[in-house]
> 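Can you keep this structure in mind? I'll have questions shortly.
Chain identifiers are assigned alphabetically (A, B, ...) following the order of the sequence lines, protein sequences preceding nucleic acid strands; residue numbering begins at 1 within each chain. Keep in mind that the numbers below use all heavy atoms, side chains included, and drop hydrogens, waters and symmetry copies. Every value quoted in this text rests on a predicted model; they were computed, and no experiment measured them.
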Amino acid sequence: MSVPPLRDLARFCTPPMLRFAQALDTQLRAAMERAFPEAAAEASAAGRPLDPQLAPASKPEFGDFQANGALALAKPLQQAPRQIAAALLAELEADTAFGALCLPPQIAGPGFLNLTLRPEVLAAEVQRRLGDPRLGVPLAVAGGAGAAPVIVDFSSPNIAKEMHVGHLRSTIIGDAMARVLEFRGQPVLRLNHVGDWGTQFGMLITHLKQVAPAALDTADAVDLGDLVAFYRQAKQRFDADEDFQTTARQEVVRLQAGDPVSLKAWGLLCDQSRREFQQLYERLDIRLNERGESFYNPYLEAVVADLDAAGLLVVDAGAKCVFLEGMQGKDGKPLPLIVQKSDGGFNYATTDLAAIRYRFAAPPAGDGARWLIYVTDAGQANHFAGVFQVARRAGWIPGGARLEHVPFGLVQGDDGKKLKTRSGDTVRLKDLLDEAVERCEADLRRRLAEEERQEDEEFVRQVATIVGLAAVKYADLSTNRITNYQFSFDRMLALQGNTAPYLLYAVVRIAGIARKGGDLGGGDLAGAQAAVAEPQAGSPEALQFSEPQEWALVRELLKLDTVIAEVEQELLPNRLCSYLFELSQVFNRFYDQVPVLKAEPAARRSRLALCRLTADTLKLGLGLLGIATLERM
RNA sequence: GGGGCUGUAGCUCAGCCGGAUAGAGCGACGGUUUCCUAAACCGUAGGUCGUGGGUUCGAGUCCCGCCAGCCCCGCCA
């Protein structure tokens, strides 16, 4: 039961498990004030009220929560920590509300106060969640229709290039974050900031004019593969040939100025790429609004003018720049952020600034966002730090708004270097997904043969597709995004360990119980809504648990709300993955050691309820990661 | 030269306002199947948390120095 910092409690709208934490925190604070009135008054006067330091228990045997506050009080109070804990305990035992929530606390170790929620409280909470399609996860306070949107800027491939593994991380992480925010009821604007406007177009158009002019005024004259080849050639010429460089730069300026011939060529190139990207997004089940760099073209001049008006603009070596505070480049000189090149062209810094300005600006001249999330690789950290600083100094970030870069590490191969194909090329995303699905299919066919199972082709194809894509997504999401991540088909497709197949198998096992006659009471989120009124604790209809594996599963299930709150707060999808993995492990232990279908009626009903809540929780959690589940595999 | 990120078991990784004996998975070794899919479960071995200081009742976690790896640093994005 992860408890976020207490100062953040309010923003979570007191979800069930956090509701317990908040109640306990209040009760503990009151107990501290009663036990040590002088110290409490003193601390309050100093602006630092006594803190019981309520935290999730570090181990199951310590209960559900622990209060560490007694240790910190030892010095100021000149008392032994255990003695302080005992005084607190005496006050808590006099509190009937506390007694209704918790069993008698234990003093342990140097002075920890261990708190265990009453079994009937936990069982009642399970019952409530069975009747709640949101499984106890509340809607955000600040969300709802009409609220200022959260913008998640992710994926962002470049036109005339193919999507590769680098885009995979941004796409998958961004989508997962957007799904979590949406589930919390936040209005989310998913923006695909495609690279459709830079120097690359100058290069490409200039090159195509010379070698394949048809591509510039006829739709589908070349396919994306050709385009990629042309792009590569153009890049080579750009790097090697100064004349070409100059012509290309002039071409960019023409395009950005709205020259019709350049614009038409540009439009054709974009359409070509767009269709290709869309296929991948559909395959990955990702919804995205394209709003490329070109969208901000009309605002670029205003950005520069605004910066000038704010007194931030400096012309240096012909380029218009803003010098960054607290950052220096080589030779110890101040580091400039160039917003207009000496040839008059704008660059990505200008576009990014225009985007920030537009996204925070009030509608209809902007998005009126209150929170901007950029999901890009960690290599751009400096760039965003600079751009954010300039946006702040220009006054474009409203008070209370959040603006953050959500960086992620490189995708590496087995050698620890940036992932490449054997021939040294960048790995195309399409090929990578194909291989994952193919490997899954081969694996499944081998298994079917071994077990002498008969399944039709449709089944094999569907399972391989879902498991393969799930494995790729899950592998990416399950490591802390900031670290580089080592891509390995063998590891991500492994059937055991922290992998998608392991989690999917847990769902399949529960579906198996349902097939073999277990009435899960609807078994899905929609069915949960039809659940009957909550029975009173102690009544014959109430859920009853006796086995340790049942209680372990109950406690794990009830963590969902705090985990989601944490993922939203920290923007770390891997926390959700860890949780779902642990839940699967706890469930598998339960499944292994506790009979469900063969249990006595009362126990059977309670265990089936746990199975249903487990399946619903796994499906919900995996759904937030963009991963579909199966009934059989 | 400046900045950023990373360094935890043989390998891949977790580690949530600083809290009790540092956790998983893989791999290794050993065990479990009249029973809901054994794609599972149980057990054993394996760590001076890069390193040296500091703060603290308490440091993998916070601060400073150092070492190693990766990334970024004026007209590419």
> Regarding A/Met203, tell me which of base, sugar-phosphate or nothing describes its non-hydrogen contacts under 4.0 Å with the strands shown.
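Result for A/Met203 = nothing.
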> Using a cut-off of 4.0 Å on non-hydrogen atoms, how would the nucleic acid contact of A/Asn68 be classed: base, sugar-phosphate, or nothing?
base
> Near RNA chain B, under 4.0 Å by heavy atom, which residues of residues 471-480 of chain A?
A/Thr479, A/Asn480
> When only distance counts, do a donor and an acceptor, one from the side chain of A/Asn114 and one from the base of B/A20, lie under 3.5 Å apart?
yes
> Among B/C16, B/C35, B/C75, find the nucleotide with the atom closest to the side chain of A/Lys598.
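Out of B/C16, B/C35, B/C75, the nucleotide with an atom closest to A/Lys598's side chain is B/C35.
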> So which of A/Tyr348, A/Phe154, A/Tyr296 actually passes ring pair (Phe, Tyr, Trp, His ring centres under 6.0 Å) with A/His193?
A/Tyr296
> When the nearest nucleotide of RNA chain B is assigned to A/Ala317 and to A/Phe590 on a heavy-atom basis, which residue is associated with the more 5' position?
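Checking each residue's closest nucleotide, the 5'-ward one belongs to A/Phe590.
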> Could I get a table of every N or O pair under 3.5 Å where one atom is in the protein and the other is in nucleotides 1-9 of chain B?
from, atom 1, to, atom 2, distance (Å)
B/G1, N2, A/Gly329, O, 3.2
B/G1, N2, A/Lys330, N, 3.4

> Is there a Watson-Crick or G-U wobble partner for B/G65 with both distances under 3.5 Å, and which nucleotide is it?
B/U51
> Let's see if you can work this out: which of B/C36, B/C75, B/A77 has an atom nearest to the side-chain heavy atoms of A/Ile513?
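So the side chain of A/Ile513 is nearest to B/C36.
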> In whole angstrom, give the distance that lies between atom CZ of A/Phe384 and atom C1' of B/C72.
13 Å
> Looking at A/Tyr502, does any N or O in its side chain come under 4.0 Å of the phosphate oxygens OP1/OP2 on B/C41?
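Yes, such a contact exists.
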> By the 4.0 Å heavy-atom rule, please label A/Val586 as base, sugar-phosphate, or nothing.
nothing
> Between A/Gly497 and A/Leu335, who's closer to the 5' end of RNA chain B by nearest nucleotide?
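In this pair, the answer is A/Gly497.
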> List, with names and distances, any nitrogen or oxygen atoms from the protein found under 3.5 Å away from nitrogen or oxygen atoms belonging to nucleotides 62-64 of chain B.
none

> Using the side-chain heavy atoms of A/Arg249, tell me which of these nucleotides is nearest: B/C76, B/A20, B/A40.
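Ranking B/C76, B/A20, B/A40 by closest atom to the A/Arg249 side chain puts B/C76 first.
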> Nearest to the side chain of A/Leu71 - B/C57, B/U21, B/C73?
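So the side chain of A/Leu71 is nearest to B/C57.
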> Only one of A/Gln549, A/Arg509, A/Gln593 passes side-chain hydrogen bond (donor to acceptor under 3.5 Å, both in side chains) with A/Asn588; say which it is.
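Exactly one pass, corresponding to A/Arg509.
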> With rounding to the closest Å, how many angstrom separate the P atoms on B/C75 and B/U12?
37 Å
> When we call it a touch if two heavy atoms are under 4.0 Å apart, what does A/Arg447 touch: a base, just sugar-phosphate, or nothing?
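Here A/Arg447 touches the bases of the nucleic acid.
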